[in-house]
Amino acid sequence: MAEETLLEIKNLVTAFQTEAGTIRAVEDVSFSVKKGQTIGLVGESGCGKSVTSLSIMRLLPKPFGRIESGEVLLDNQDLLKLPANEMQHIRGNRISMIFQEPMTALNPVHRIGKQIGEAFMLHQPEMDERTIYKESIEMLRQVGIPAPEQRVQEYPHQLSGGMRQRVMIAIALACKPDILIADEPTTALDVTIQAQILELMKSLQTASGMAIIFITHDLGVIAEVCDEVVVMYAGKIAEKAPVCDLFQSPKHPYTQGLLSAIPKLENPPKQKLQTIEGTVPDLMNLPAGCRFQNRCSYMEAPCQSQSPLLEKVNSTHFVSCHRWKEI
Ligand SMILES: Nc1ncnc2c1ncn2[C@@H]1O[C@H](COP(=O)(O)OP(=O)(O)OP(=O)(O)O)[C@@H](O)[C@H]1O
Ligand SMILES: [Mg+2]
């Protein structure tokens with residue numbers, strides 16, 4: 001493990017028991033996160049982004065979700081092997097998460113202040129009530145909530161969606177985690193609020209040096225905030241590269257498809273946006289060979305029989321496609 005690597009996910013396999021049988025929502029996923037770095041996890045709906053992050057946090061829905069194999073190393077210690085109480089300490093203290101549904105993640109019957117305070121109390125039990133109250137207001141101020149002294153007394157329904165999301169960020173950041181996992185933190189928000197939240201996360205990161213795992217289906221947002229990108233498709237990694245490399249020379253046809261689906265200013269107005277035809281395959285009925293084959297214009301015989309391995313393009317760029325050298 002390189003010196004500055006903070007978190008390393010190795011060959012993660014996560015499965016769900018469903019009525020129809022077992023599905024592997026995440027299969028053989030590996031990537032690492034360095035101190036102060038932002039890693040983007042990108043892919044269409046159902047590709048396994050949230051399941052990856054819930055696996056890292058060990059917050060999979062019980063009893064049906066289960067990590068079958070792999071390692072999640074934080075400073076070389078495998079979180080998957082920790083006793084539950086030690087894992088509880090890691091959550092919030094070392095790794096925090098902003099969940100995909102901010103509306104459901106806040107408790108409607110408790111004041112905002114109490115909910116931020118709980119994060120402090122849980123993870124810094126030595127803090128007294130007065131300090132917690134003061135710190136909660138300070139956190140609200142840091143995430144850009146106006147009149148924080150007043151807001152701290154309010155209930156979630158009294159806040160707009162954008163403000164609730166800021167409160168979620170405040171809670172996630174309350175204990176100054178080393179790693180923040182942000183699962184689609186801005187998708188439910190309007191564009192100006194999105195930009196503000198992204199700006200906010202970046203400035204908090206500059207100030208604190210925390211690493212961020214940023215989950216989105218929007219490659220445009222990835223370009224704004226990430227250093228490295230992991231592209232997932234149907235539970236597997238399709239491509240992994242530094243952000244400039246990925247945008248300048250995408251190797252996987254799926255990545256190429258995602259990139260051409262980003263609206264561009266230079267295109268004439270009202271031009272139809274490109275999309276990738278077809279849909280992500282059903283995890284219960286995966287084809288033999290490459291999972292992207294039914295949507296891929298480069299598909300050839302080997303793609304239908306052999307699963308592509310994650311191959312090295314260069315020391316930092318990896319792709320999982322039989323034909324990447326020819327396309
Ligand atoms: N509780 C569950 N029980 C059974 N299957 C699940 C469960 N949660 C997720 N899955 C399956 O795991 C796969 C990956 O889901 P995941 O939520 O990680 O997708 P995602 O990439 O986060 O998508 P989105 O962009 O929509 O959030 C999906 O096919 C989904 O059906
Ligand atoms: Mg998700």
Side-chain angles (χ1 to χ4, degrees), residues 9 11-31 38-70 72 80 95-105 161 165 168-169 172 179-189 194 197-198 201 212-222 225-226 228-240 252 254-255 257-259 261-262 275-276 278-287 290-292 294-295 320:
I9 289 94
N11 310 106
L12 182 71
V13 180
T14 301
F16 286 99
Q17 300 296 339
T18 69
E19 277 176 14
T22 304
I23 54 157
R24 292 219 169 100
V26 168
E27 196 158 336
D28 201 22
V29 164
S30 303
F31 61 94
T38 301
I39 298 280
L41 271 191
V42 69
E44 287 161 294
S45 188
C47 282
K49 306 179 299 292
S50 294
V51 173
T52 301
S53 55
L54 293 173
S55 304
I56 296 170
M57 295 293 274
R58 280 179 50 187
L59 289 174
L60 290 167
K62 283 179 188 162
F64 304 110
R66 194 170 69 87
I67 295 171
E68 284 193 341
S69 58
V72 176
L80 304 184
I95 313 179
S96 271
M97 183 157 170
I98 305 170
F99 291 89
Q100 195 167 355
E101 295 94 22
M103 311 309 166
T104 53
Q165 189 59 305
M168 289 306 301
I169 296 178
I179 303 166
L180 174 71
I181 304 179
D183 192 352
E184 310 247 16
T186 58
T187 350
L189 306 174
Q194 264 189 38
I197 299 261
L198 293 179
M201 285 176 47
I212 301 178
I213 299 176
F214 194 92
I215 300 178
T216 177
H217 56 255
D218 182 348
L219 266 176
V221 175
I222 291 273
V225 294
C226 295
E228 277 197 41
V229 192
V230 176
V231 180
M232 290 187 71
Y233 188 75
K236 285 193 154 188
I237 293 183
E239 187 160 8
K240 186 162 71 167
H252 200 290
Y254 180 56
T255 316
L258 289 177
L259 284 169
I262 303 178
T275 52
I276 310 171
T279 52
V280 183
D282 177 3
L283 294 176
M284 277 308 284
N285 280 308
L286 286 171
C290 177
R291 296 177 178 198
F292 188 61
N294 62 325
R295 305 170 78 183
S320 173

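Please read all numbers here as calculations on a predicted model, not as lab measurements. Counting convention: from 1, in listed order, for ligands and their atoms alike.
Annotation: atom 8 (N) of ligand 1 to nearest protein heavy atom, F16 CZ, 3.5 Å. For atom 28 (C) of ligand 1, the nearest non-hydrogen atom of the protein is G46 O, 3.8 Å. Shortest contact from atom 26 (O) of ligand 1 to any protein heavy atom: S45 OG, 2.5 Å. Atom 27 (O) of ligand 1 has as its closest protein heavy atom Q100 NE2, 2.8 Å. Of the protein's non-hydrogen atoms, the one nearest atom 11 (C) of ligand 1 is I23 CD1, 4.0 Å.
Among the candidates E184, K49, E44, the single residue satisfying the side chain to side chain donor-acceptor pair (under 3.5 Å) test with H217 is E184.
For the pair V26 and ligand 1, no heavy-atom separation below 4.0 Å is found. Contact annotation: G65 has no heavy atom less than 4.0 Å from any atom of ligand 1. Ligand 1 has P61 within reach: a non-hydrogen atom of the residue lies less than 4.0 Å from it. Under a 4.0 Å heavy-atom criterion, M232 is not in contact with ligand 1.
Counting only distance, with no hydrogens or angles, the side chain of T216 and the backbone of V42 share no donor-acceptor pair below 3.5 Å. Under a 3.5 Å cut-off, the side chain of E228 and the backbone N or O of K240 do not form any donor-acceptor pair. Between the R295 side chain and the I276 main chain, a donor and an acceptor come within less than 3.5 Å of each other.
Shown in contact with A25 at under 4.0 Å from a heavy atom are these atoms of ligand 1, numbered in order with element: 12 (O), 13 (C). Those atoms of ligand 1 that come under 4.0 Å of a heavy atom in S50, given as number and element, are 17 (O), 18 (O), 20 (P), 22 (O), 27 (O). Near L283, meaning under 4.0 Å from one of its heavy atoms, ligand 1 places the atoms 13 (C), 29 (O). For ligand 1, the atoms closer than 4.0 angstrom to any heavy atom of V51 are 9 (C), 12 (O), 14 (C), 15 (O), 16 (P), 18 (O). Annotation for ligand 1: atoms under 4.0 Å from non-hydrogen atoms of E184 are 25 (O).
Under 2.8 Å from the Mg ion (ligand 2) lies an N/O/S atom of S50, whether from backbone or side chain.
Shown here for P287 and P281, the closest heavy-atom pair between the two residues is CD-CB, 4.2 Å. Annotation for L12 and S55: closest pair CD2-CB, 3.8 Å, computed over non-hydrogen atoms. Residues H252 and A238 share a closest heavy-atom pair of CD2-O, 3.3 Å. Of all heavy-atom pairs spanning A25 and L283, the tightest one is CA-CD1, 3.8 Å. Heavy atoms only, all atoms of each residue included: I222 and L41 are closest at CD1-N, 4.3 Å.
Checking atom 24 (P) of ligand 1 against the protein gives a heavy-atom contact under 4.0 Å.
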Going through the checks in order, is the side chain to side chain contact (heavy atoms under 4.5 Å, CB included) test met by L286 and R291? CA-CA 7 Å; L286 286 171; R291 296 177 178 198; 3.4 Å; yes
Mind running side chain to side chain contact (heavy atoms under 4.5 Å, CB included) on S53 and I215 for me, showing each step along the way? CA-CA 9 Å; S53 55; I215 300 178; 3.5 Å; yes
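For atom 21 (O) of ligand 1, the choice among K49, H217, K62 with the nearest heavy atom turns out to be K49.
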